[in-house]
Amino acid sequence: MTNYLIIGNGVAGTSAAEGIRKQDKEGKITVITEEELPFYYRLRLNEYLAGDIDEQSLIAKGDQWYKDLAIDLILNTRVVGADPGKKLVETENDLTFSYDRLLIATGSHSFVPPITGSDKTGVFTLRSVLDARNISSYVKNIEDVVLIGGGLLGLEAGNALRKLGKKVMVVEFFPRLLPRQLDPDGAKRLQDTMEKMGFSFRLGAKTSEITGKEKVTGVMLEGGEQLPAGMVIISAGVRPNMELAEPLGLHCDKGIQVNEHLKTNQDHIFAAGDVAEFRGMPYGIWPAAMEQGKIAGAVMADGDAAYQGTIMANTLKVAGIDLASAGNIDAQGEFESKVVTDEHIYKKLVIEKDRIIGCIMLGNTIDFNKITKIMLAKKNVSQIKENILSEDFDFKNL
Ligand SMILES: Cc1cc2nc3c(=O)[nH]c(=O)nc-3n(C[C@H](O)[C@H](O)[C@H](O)COP(=O)(O)OP(=O)(O)OC[C@H]3O[C@@H](n4cnc5c(N)ncnc54)[C@H](O)[C@@H]3O)c2cc1C
């Protein structure tokens with residue numbers, strides 16, 4: 001009987017456990033996590049923060065699911081070391097777990113840039129349910145919140161706090177919002193919409209210091225502007241949790257490097273999800289982590305599966321704003337593009353050699369999935385590229 005061990009119970013680890021069980025009905029599957037909840041929807045944490053859903057609704061797999069699949073879930077347990085020679089991992093509370101096959105699915109953590117004052121009380125990042133709980137309880141008596149980082153997660157967290165009645169100021173280093181998802185025209189439109197909703201922005205701005213004695217009282221920008229703040233949320237990207245790579249002797253660069261079977265350089269050790277780097281790319285998105293987890297699980301149980309990559313597609317989850325973008329958004333205007341725009345809509349296709357390589361849909365995302373499918377299939381769009389963005393375009397015969 002094969003002994004499978006998975007570290008991390010996010011979407012990658014959980015999909016892998018499910019993938020193993022599909023192939024191997026007998027094997028022993030153990031999932032270890034440092035968190036206190038079973039697998040939950042990390043991407044719904046902002047809804048929880050806004051008070052739209054309770055903690056129970058975050059949970060994706062309850063106790064019964066683990067029982068039905070005979071998966072041992074070990075909560076509140078952090079793995080801190082490993083002995084690949086003996087095929088063992090060690091936990092913070094001095095337990096050891098053996099394995100025949102090991103999956104590292106430890107995800108990533110919020111990156112905190114070296115800003116003076118970032119250790120003050122009232123400075124937060126949002127990655128886990130514990131972070132969300134801490135933010136919720138601290139923000140109760142706060143009026144002004146400064147968000148450092150105008151990416152997707154920053155804007156979504158800001159929106160959750162705006163819904164709680166807080167004044168939200170977003171400070172973004174780039175001169176536009178969502179620099180990885182929007183070109184300058186799209187970003188300007190989004191900014192206008194969000195300003196009407198009550199957001200304030202400082203773009204092309206760098207934080208020089210988070211001020212206050214022990215507790216945060218404000219944020220000072222380079223150039224001297226002082227922004228009032230009772231709370232600061234830093235949303236400056238994520239970094240893979242690679243601490244176990246060294247004791248396990250795993251090759252890593254931006255993440256733990258894996259091949260198309262999600263195998264690392266060590267026999268019997270796999271990696272998937274935010275912690276993994278595939279062909280130079282740490283994805284950092286839910287669909288990629290899910291797909292990688294499924295494939296890693298299948299391969300760990302001797303199945304035949306290969307990962308081909310995932311299109312970088314993102315959606316802004318802010319009620320009242322329909323925004324999705326995928327692939328290369330060509331912010332510099334280097335490629336052929338087709339743009340459809342009116343007062344409410346901004347849609348753009350980026351095309352290279354008659355293949356769609358990226359798209360932005362703001363104001364209307366109805367056809368987003370259909371267009372990303374065409375993009376993924378690398379279909380020749382020479383005959384349809386003039387019309388594909390129009391509302392009455394018929395996708396049926398493609
Ligand atoms: C607020 C928020 C909103 C998001 N929204 C979106 C979205 O809309 N779309 C999208 O595609 N992506 C979104 N993401 C990103 C998405 O959630 C991640 O890509 C995804 O969760 C990665 O899954 P994972 O299983 O690789 O890692 P994780 O979900 O990070 O899970 C890893 C788990 O391993 C645990 N762990 C780490 N180290 C150890 C250790 N040494 N011992 C034991 N346990 C350990 C961690 O605590 C964690 O529970 C969002 C993320 C956040 C925080």
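Both ligands and their constituent atoms are indexed starting at 1 by order of listing. Quick note: residue numbers are just sequence positions, from 1.
Set against the non-hydrogen atoms of Gly8, the atoms of ligand 1 under 4.0 Å away are 33 (C), 34 (O). Those atoms of ligand 1 that come under 4.0 Å of a heavy atom in Asn9, given as number and element, are 33 (C), 49 (O). Interface atoms of ligand 1 facing Gly107, defined by a heavy-atom separation under 4.0 Å, are 26 (O), 27 (O), 28 (P), 30 (O), 32 (C). Those atoms of ligand 1 that come under 4.0 Å of a heavy atom in Gly10, given as number and element, are 25 (O), 29 (O), 31 (O). Remark: ligand 1 atoms within the under-4.0 Å shell around heavy atoms of Lys317 are 5 (N), 6 (C), 7 (C), 8 (O).
Of all the heavy atoms of Ser108, the ones lying under 4.0 Å from any atom of ligand 1 belong exclusively to the backbone. Residue-level proximity to ligand 1 for Val275 is absent, since no heavy atom of it falls below 4.0 angstrom. Under 4.0 angstrom from ligand 1, the non-hydrogen atoms of Ala105 all belong to its backbone. Within the 4.0 Å heavy-atom criterion, the part of Glu35 lying near ligand 1 is the side chain and not the backbone. Residue-level proximity to ligand 1 for Ala12 is carried by backbone and side chain together, each with a heavy atom below 4.0 angstrom.
For atom 2 (C) of ligand 1, the candidate residues are Leu45, Asp274, Leu153; the nearest heavy-atom contact is made by Leu153.
Between Lys167 and Glu143 there is a salt bridge, with a side-chain nitrogen of the basic residue lying less than 4.0 Å from a carboxylate oxygen of the acidic one. Salt-bridge formation is detected for the pair Asp192/Lys188: a Lys NZ or Arg NE/NH1/NH2 atom is positioned less than 4.0 Å from an Asp or Glu carboxylate oxygen. For the pair Lys385 and Asp354, the salt-bridge criterion is met [side-chain N within less than 4.0 Å of a carboxylate O].
Ligand 1 has at least one atom lying under 4.0 Å from a heavy atom of Thr77.
Between the side chain of Lys166 and the backbone N or O of Lys163 there is no donor-acceptor pair closer than 3.5 Å.
Paired with Met300 under the rule side-chain contact (heavy atoms from CB on, under 4.5 Å), one option of His268, Arg101, His261 passes, and it is Arg101. Under the salt bridge (Lys or Arg N to Asp or Glu O under 4.0 Å) rule, Asp274 has a single partner from Arg42, Lys254, Arg127, which is Arg127.
How far NZ of Lys25 is from CE of Met1: 15.5 Å, rounded to the nearest 0.5 Å.
Taking any N or O of Asn241, backbone or side chain, none lies under 3.5 Å from an N or O belonging to ligand 1.
In this structure, a donor-acceptor pair under 3.5 Å is absent between the side chains of Gln292 and Tyr283.
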